[in-house]
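For reference, the structure is listed below as structure tokens.
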Amino acid sequence: MFVEEREFDSLSQALKELEKGFDHFQGRENKESTEDILEILIEVAERMKDNYPYHHPMYAGQMLKPPHPVARLAYTLALWLNPNNHALDGGRASSAMEKEAVAELAHMFGWVEHLGHLCSGGTMANMEALWISSQIQPGKILASSQAHYTHSRLSEVLKLDFSPVPVDSLAKMDPKALEDILVTGHVGTVVVTLGTTGFGSLDPLPEILELKKQYGFRIHVDAAYGGYFRLVDNLDCKGQKIFDCLDQVDSLVVDPHKHGLQPYGCGCVLFPDPSVGQLYKHDSPYTYFTSGSLHLGEISLECSRPGASAVALWATMRLLPLAKSGKFARNLAKGRRAALYLFEHLKNNSRYLTIFPPELDIIVFAPQAIQASTISEYSKRFFERAAELDLHLALIELHCELVKEYWPHVNFDQTTVTCLRSCLMKPEHFEWIEKIIQILDRIEFED
Ligand SMILES: *Cc1c(COP(=O)(O)O)cnc(C)c1O
């Protein structure tokens, strides 16, 4: 299972080391007895059994990936002090570690300079990016119709105009459709999604950068899911080109709690231009915000933030550096290989309907049928039967427009169609893919 005795040994040794830093402060005692605590912990364990096995390769549904043991242990170790990275007073060491960790993330995207920090997740990170962007260049926010719904909702929160941009047949933002909106003027920021939540599709950043030259909008990249794929060596050629021009964008979001092996509560927002720091606090001079001297509380919308998150991320990157084709990258690439392998299998089997090959590690497919309503019904049945066999998938509701050209024989008797979706995020998915396929092929979904 996922409990490793040795993990507790390491934690207990590290805690003893940490205590040495504070051993002249005596007299702090726990008021509750350990028996009482244990009783409640057992109760918690009982309650937590009511979950899908997120840590196991047979969980191949939503975007869930277990944190690395080093992240889990470093996080727990830091909790003994519970530092607050709002300001240096609250978390001296963990703020320094946050700056180092964030600098490595910026470096991964090929940035020389940057300003950025960790936050609770992609939602908060995107909110800050849109907030800053709208101050520098007021105007409409555009994101593809496949972008995360957070962008339209955040635009409401920030009282900004929002319009969706139609996607092409690969669920990527359509540059022609984008230009049709750009010519009408008033566009401030275009959100480029690298790794859409539904399909893991990559918006065509090189083409959008060309349009930027002509129309002069800001580009915010939402790479909450896909950011780390910059490190892998098995993207297709177009995907590689997209990740190669990340040094030309105005802001970027990546979620270490998605593909970065972190516990929840770890997103990151980055700007290549440190001078945006002045927009967080108007009365501070620009020089205050050069990356050497930034004070995290001054450049973050959130106030109290877990120093433990920064410690966990820092520790994970010490063990698994963000090197192109390094161990971390190879693990990420394995999930993608699993997805490509599964796609080929599904495509060559008449039981299934597929759409287009995955750009990252997310697969969308459906059981074969000739009516959209039957496909939807079969997908739901398939999802349940798979769960009975301990294989956990996810469902996705698609507009029929997106699949029509791929499924010419299907009668679209409704506007949307329910399909199956699988995020193959764990490296072990590659070793398990044959077993997963055996289960998929065994499932009966017809009446
Ligand atoms: C997950 C995700 C978000 C939302 O991030 P949270 O960390 O869940 O708040 C936004 N955009 C994309 C592309 C995502 O994948």
Side-chain angles (χ1 to χ4, degrees), residues 54 61-67 71 102 105 109 116-133 141-158 160 162 164-165 167 170-173 189-205 208 219-230 239 242-243 246 249 251-270 300-302 305-306 309-310 312-313 332 335-336 339 358-364 394 396 421-426:
Y54 308 117
Q62 310 283 3
M63 291 174 170
L64 288 151
K65 181 168 176 166
V102 168
L105 287 172
F109 296 113
H117 62 87
L118 302 180
C119 56
S120 60
T123 304
M124 197 65 203
N126 278 305
M127 175 146 116
E128 280 192 31
L130 294 184
W131 176 58
I132 293 291
S133 205
I141 307 293
L142 304 181
S144 94
S145 56
Q146 285 291 318
H148 197 283
Y149 67 82
T150 197
H151 295 287
S152 66
R153 207 159 67 171
L154 290 172
S155 297
E156 266 178 56
V157 174
L158 294 165
L160 303 169
F162 175 88
V165 183
V167 291
L170 298 172
K172 296 157 161 290
M173 182 182 279
T189 300
V190 175
V191 177
V192 173
T193 304
L194 296 190
T196 58
T197 315
F199 292 94
S201 290
L202 306 170
D203 283 343
L205 183 55
I208 297 169
I219 294 185
H220 167 60
V221 172
D222 182 0
Y225 186 77
Y228 284 100
F229 278 91
R230 182 169 154 106
I242 289 168
F243 279 101
L246 284 178
V249 306
S251 55
L252 185 147
V253 160
V254 61
D255 260 356
H257 71 201
K258 289 242 177 80
H259 256 311
L261 302 166
Q262 297 309 297
Y264 284 114
C266 195
C268 181
V269 60
L270 293 165
S300 166
L301 213 48
E302 286 170 296
R305 291 182 306 114
S309 278
L313 182 60
L332 205 60
R336 173 160 164 72
E359 274 195 286
L360 300 179
D361 54 4
I362 302 176
I363 287 273
V364 177
I396 183 171
R421 171 167 160 270
S422 177
C423 301
L424 297 168
M425 294 175 78
K426 299 170 200 121

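All values below come from the heavy atoms of this structure, side chains included, with hydrogens, waters and symmetry mates left out. Both counts, for ligands and for their atoms, begin at 1 and track the order of listing.
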Checklist entry - Would you say the side-chain atoms of H257 pair up with the backbone N or O of C266, donor to acceptor, closer than 3.5 Å? => result yes
Checklist entry - Which of the atoms of ligand 1 are close to Y225, meaning less than 4.0 Å from one of its heavy atoms? => result 15 (O)
Checklist entry - Counting heavy atoms only, which part of N126 comes closer than 4.0 Å to ligand 1: side chain, backbone, both or neither? => result side chain
Checklist outcome for this item: To the nearest 0.5 Å, atom OG1 of T123 lies from atom NE2 of H148 at 6.0 Å
Checklist entry - About how many Å separate OG of S251 and CG of L130, when rounded to the nearest 0.5 Å? => result 7.5 Å
Item to check | Closest non-hydrogen atom pair between E128 and L301, with its separation | outcome: OE2-N, 3.0 Å
Checklist entry - What are the atoms of ligand 1, with element, lying closer than 4.0 Å to any heavy atom of T197? => result 12 (C), 13 (C), 14 (C), 15 (O)
Item to check | Interatomic distance, L360 atom CG to R336 atom CZ [nearest 0.5 angstrom] | outcome: 7.0 Å
Next on the checklist: Show me which atoms of ligand 1 lie under 4.0 Å from any heavy atom of A224.
Outcome noted: 2 (C), 11 (N), 12 (C), 14 (C)
Checklist entry - Would you say ligand 1 has an N or O under 3.5 Å from any N or O of K258? => result yes
Item to check | Enumerated ligand 1 atoms positioned under 4.0 Å from heavy atoms of T123 | outcome: 4 (C), 5 (O), 6 (P), 9 (O)
Checklist entry - H148 to ligand 1: N or O pair under 3.5 Å? => result no
Item to check | CG on D255 to CG on L118, rounded to 0.5 Å | outcome: 10.5 Å
Item to check | H257, any N or O under 3.5 Å of ligand 1 N or O | outcome: yes
Next on the checklist: Nearest 0.5 Å, please: how far is OG1 in T150 from CG in D222?
Outcome noted: 8.0 Å
Checklist entry - Can you list the atoms of ligand 1 that are under 4.0 Å from a heavy atom of D222? => result 10 (C), 11 (N), 12 (C), 13 (C)
Checklist outcome for this item: Under 4.0 Å from one or more heavy atoms of D255, ligand 1 contributes atoms 5 (O), 6 (P), 7 (O)
Checklist outcome for this item: Contact region, M124 to ligand 1, non-hydrogen atoms below 4.0 Å, reads neither
Next on the checklist: So, regarding G195 and ligand 1 (criterion: nitrogen or oxygen to nitrogen or oxygen, under 3.5 Å), is there a contact or not?
Outcome noted: no
Checklist entry - How about K172 and D203: do any of their side-chain heavy atoms sit closer than 4.5 Å? => result yes
Item to check | V165 and V190, any side-chain heavy atoms less than 4.5 Å apart | outcome: no
Checklist entry - To which protein heavy atom is atom 5 (O) of ligand 1 closest, and what is the distance rounded to 0.1 Å? => result G122 CA, 3.2 Å
